[in-house]
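The first residue in the sequence is number 1, and the count goes up from there.
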Amino acid sequence: MMFALLFEDDDSHADMRSKFMSNHLAFLASNAKSIHGAGPLKDAGNAEPAGGLWIVEADNLQQVRLLIEADPF
């Protein structure tokens with residue numbers, strides 16, 4: 001089953017982006033069998049980071065939640 005996941009940035013944790021980006025990208029690469037697509041989202045008004053989008057293939061929602069919880073972000 002395919003899942004589309006939308007993530008919203010939390011301005012109070014903006015420092016996490018630079019701190020954990022390399023670990024996050026490594027996580028995405030190591031889970032490429034399940035995470036078929038991932039990328040950042042930007043605010044259309046000001047081009048500031050606004051969140052992210054994943055396309056995930058999993059048997060159930062619990063598998064998706066485990067992926068989300070394992071992400072360094």
Engineer: Taking L6 as the starting point, is it possible to reach L28 by hopping between hydrophobic residues whose side chains are less than 4.5 Å apart?
Structural biologist: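 The answer is no; the residues belong to distinct hydrophobic clusters.
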Engineer: In terms of hydrophobic clustering (I, L, V, M, F, W, Y; side-chain heavy atoms under 4.5 Å; direct or indirect links), are V64 and M1 co-clustered?
Structural biologist: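 Yes.
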Engineer: Identify whether M16 and L41 are in the same connected component of the hydrophobic contact network (ILVMFWY, side-chain heavy atoms under 4.5 Å).
Structural biologist: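 Hydrophobic grouping puts M16 apart from L41.
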Engineer: What pairs meet the side chain to side chain donor-acceptor pair (under 3.5 Å) rule with one or both residues in residues 11-26, with sequence neighbours excluded?
Structural biologist: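 Qualifying pairs: D9-R17, D10-S12, H24-D71.
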Engineer: Can you name the nearest heavy-atom pair linking P72 to F27, along with the distance?
Structural biologist: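 Shortest heavy-atom contact: CD-CB, 3.7 Å.
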Engineer: Taking only residues two or more places apart in sequence or in another chain, which ones pass side-chain contact (heavy atoms from CB on, under 4.5 Å) with Q62?
Structural biologist: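 If we apply the side-chain contact (heavy atoms from CB on, under 4.5 Å) test to Q62, skipping adjacent residues, the hits are N60, R65, L66.
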Engineer: How far does CG of L67 sit from CG of L5, to the nearest 0.5 angstrom?
Structural biologist: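 So the CG of L67 and the CG of L5 are separated by 8.5 Å.
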Engineer: Go through it in stages, so that I can follow the logic: the residues are V56 and M2, the test is side-chain contact (heavy atoms from CB on, under 4.5 Å), and I'd like the CA-CA distance, side-chain angles, deciding distance and then a yes or no.
Structural biologist: CA-CA 6 Å; V56 174; M2 299 297 281; over 6 Å; no
Engineer: Restricting to side-chain contact (heavy atoms from CB on, under 4.5 Å), what partner residues turn up for A26, sequence neighbours left out?
Structural biologist: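 If we apply the side-chain contact (heavy atoms from CB on, under 4.5 Å) test to A26, skipping adjacent residues, there are no hits.
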Engineer: Among residues two or more places apart or on two chains, list those pairs meeting side chain to side chain donor-acceptor pair (under 3.5 Å) that have a residue in residues 25-54.
Structural biologist: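 Counting only pairs at least two positions apart or across chains, the side chain to side chain donor-acceptor pair (under 3.5 Å) contacts touching residues 25-54 are H36-E57.
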Engineer: Going hydrophobic residue to hydrophobic residue with side-chain gaps under 4.5 angstrom, can you get from I68 over to L25?
Structural biologist: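 Hydrophobic grouping puts I68 with L25.
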Engineer: At what distance, to the nearest 0.5 angstrom, does CG of L53 lie from CZ of F7?
Structural biologist: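 Reported to 0.5 Å precision, the distance equals 8.5 Å.
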